[in-house]
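Read through the structure below, which is laid out as structure tokens, and then see the notes.
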There are 2 protein chains.
Amino acid sequence: MPPTTRPTSRDVAREAGVSQATVSLVLGGKWRGRVSPATADAVRETALRLGYRPNLAARSLRLGRTRTALLVVPALTNEYFARVHTGAARVAAAHDFGVVLYPSPEGVGPARDPFGSARAALDGVIASSMAADALAAISGETAAAPRTAGGPGGLPLVMLDSDPAQSGAAATVNLDLASGMRQVTGHLAALGHRRIAHIASAVDSWTFRVRRAAFDAATRDLPGAVVTRRTAALSVEGGLRATHDALTAPGARPTALVCDDDVLAAGACKAARRLGLRVPLDVSVTGFDDLALATAVEPELTTVRLPADEAGARGMAALLAVIDGLSPQQADLPVELMIRGSTGPCPVEPR
Amino acid sequence: MPPTTRPTSRDVAREAGVSQATVSLVLGGKWRGRVSPATADAVRETALRLGYRPNLAARSLRLGRTRTALLVVPALTNEYFARVHTGAARVAAAHDFGVVLYPSPEGVGPARDPFGSARAALDGVIASSMAADALAAISGETAAAPRTAGGPGGLPLVMLDSDPAQSGAAATVNLDLASGMRQVTGHLAALGHRRIAHIASAVDSWTFRVRRAAFDAATRDLPGAVVTRRTAALSVEGGLRATHDALTAPGARPTALVCDDDVLAAGACKAARRLGLRVPLDVSVTGFDDLALATAVEPELTTVRLPADEAGARGMAALLAVIDGLSPQQADLPVELMIRGSTGPCPVEPR
DNA sequence: CGCGCGAGGTTTTACGTATAACGTCGATCG
DNA sequence: CGATCGACGTTATACGTAAAACCTCGCGCG
């Protein structure tokens, strides 16, 4: 057995009786008219036989490209972001690109430098919503580095669900969250609800700002609407607490709860039931995102389906386009209201 | 503005009036006694001023190490694996290592080659449970490549929740799933349940084989136990179907449903309720994993908490040890039965 | 005084790849 | 028949870094 080291292109060349350059040409696929088909076949056969794998570090060094993109998300344990990753990884793999995740379990903070920590050299960055906002702080810090293009560190940057006004992004992929929120409120309004509480995420990111604004705009146009808002930590427990407060506050009790997120909605349902209220008979609840959770709870949640993996896929496609010097196609993805069991007609004589 | 290219160590050297080697020495931290403190400071200052970042491709090429590990999981959208990733990434980051995920949205298949697809060169592989089993098929394929150490491609390999008898792994981290299953059945037995159905995952991986074996062993020792088993696709819908079958099958109806997974348990609860059965009054349900889902549904699920992130962390620690030539400490992590609302005393006169 | 030696560097080399620049040799053509 | 050309390769080089090997003082010491 030859020593522990992996075979290099030179080993293949020696074994096949050609030069290293020829191996590189053949395996790189650019041998048409430069190498005879017979030789090319021989090289390929030898490479296969030796189990040759190109050293990616060397290739990256040579090409100045790493075929690796960084995906910045706040937390993979949030199913939404896991799905974004899935979509992004799928497209990346199809283009022989890799995806590395921003290695921050505890969320993005200005103190951390993603480009020191990210081990691989990167060709581009794709930052999703909540992460993108935090990234803005960092870009100030990294401004000392020569900025040639959009992102921090001079890397092409694509933003998902982020403020289009935000500087630095070469492209943006947005979900039509405002429409989603309008559909939710429209649905509730059609059911007769007027006293509506918004259980909002305490996270101050673009995604949630949009939802809030859309909720406000939609309810403002609704005659007779009485709206309140509670902010909640983004968890079942958080949703439970905020909803409890909303339902027990002095004044007329809301008949509908619009939650920023399915997880919050699950908490809201629990809170309502603990107060002896039936969902949706006494109070209607809506979620957002259409996570697996939405159909796991009872009643199943009326919610807004977000094409998370599609967003990830589009984002990666846009990033690849930018890297290739093309102008990416801006995309705004439609969302869909999923009407399920957690919403119903406004009770005639509430309280 | 100097051209679009990033500053190299040579740029820093020129700017600081020293040689490139000195820059490398200083920034590498091995300059004690080789470079004067004054010069070292000057170099550091210059590097900072220019915004110098080492080219990781070049460094990897030189060192033959990439400080990158591959984490192979079947699906990140499964919260369990997302948590494994979180733990692994945390430990990796602490050791200045990166984690790249196996880019397979549709699961590991023998047809795909993880080491061709994984863009970064790798220092090691950590494969979790379900993925590890599929990996076994691949290692046969890659056997053509010179195998120097455990994993495919001669890479150090750590397996999570996998068959210890499986060859190739330099280390294994296991959760004490058998104990978890024993605790579940013990809990149900203490509540008086004897007719118990096992809603098992259709996935044939080590994790689930262990659960099945432990369930069988525990119920075998239970006097008067009447057990059945249904296999289900790993989803709410799958759990619902299998449970429906289990509850409507001819013969005495089970009073307890032991599910391989929280998602299945959520489906089981839905199925029971659709049949007019109350949980836990008429039928008790247990889950496994303690996902966020477990406390989102009502009643909250009695389940087995798995320290997923701890497993990921230990796995990464073990891998780092192997890479450093140390012998990793084998770890078996304890699990904990979380008794919540989905289990109760066996009804006195069921059916 | 010659010599060793340590401090403080510098020169050089190698890592494995992709590709530009450069042969070589037979056939073709003006 | 000499020049040209295409087919088929080879040689040489650069990417940026880490580190081994080497150089050059000034100084202490036998």
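Residue numbers begin at 1 in each chain, while the letters A, B, ... track the order of the sequences.
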Strictly distance-based, threshold 3.5 Å: is any side-chain N or O of N174(A) a donor or acceptor partner for the main-chain N or O of S162(A)?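 The answer is yes, because a donor-acceptor pair under 3.5 Å joins these two groups.
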Closer than 3.5 angstrom, by distance alone: can the side chain of R314(A) be matched with the main-chain N or O of G87(A) as a donor-acceptor pair?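 Not confirmed, R314(A) side chain does not pair with G87(A) backbone.
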Can you tell me how far C1' of dT11(D) sits from CZ of R34(A), to the nearest Å?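 Those two atoms, CZ and C1', are 13 Å apart.
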So does [X] get a side-chain nitrogen or oxygen closer than 4.0 Å to the phosphate oxygens (OP1/OP2) of [N]?
{"X": "T39(A)", "N": "dG9(D)", "answer": "yes"}
{"X": "S19(B)", "N": "dT11(C)", "answer": "no"}
{"X": "T22(B)", "N": "dT10(C)", "answer": "yes"}

Taking atom [atom1] of [X] and atom [atom2] of [Y], what is their separation to the nearest 0.5 Å?
{"X": "R34(B)", "Y": "T39(B)", "atom1": "CZ", "atom2": "OG1", "result": "13.0 Å"}
{"X": "Q20(A)", "Y": "L25(A)", "atom1": "CD", "atom2": "CG", "result": "9.0 Å"}
{"X": "L101(B)", "Y": "H85(B)", "atom1": "CG", "atom2": "NE2", "result": "4.5 Å"}

Just jot down the salt bridge (charged side-chain N to carboxylate O under 4.0 Å, His left out) partners of R44(B), sequence neighbours excluded, or say none.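 Salt bridge (charged side-chain N to carboxylate O under 4.0 Å, His left out) list for R44(B), sorted by chain: D41(B).
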Using the 3.5 Å cut-off, write out each protein N or O paired with an N or O of nucleotides 16-18 of chain D and the distance between them.
unit_1  : atom_1 : unit_2 : atom_2 : d
dT17(D) : OP1    : Y52(B) : OH     : 2.5
dT17(D) : OP1    : N55(B) : N      : 3.2
dT17(D) : OP2    : S9(B)  : N      : 2.5
dT17(D) : OP2    : S9(B)  : OG     : 2.7
dA18(D) : OP1    : R59(B) : NE     : 2.8
dA18(D) : OP1    : R59(B) : NH2    : 3.2
dA18(D) : OP2    : S24(B) : OG     : 2.9
dA18(D) : N7     : Q20(B) : NE2    : 3.3
dA18(D) : N6     : Q20(B) : OE1    : 3.2
dA18(D) : N3     : R62(B) : NH1    : 2.1

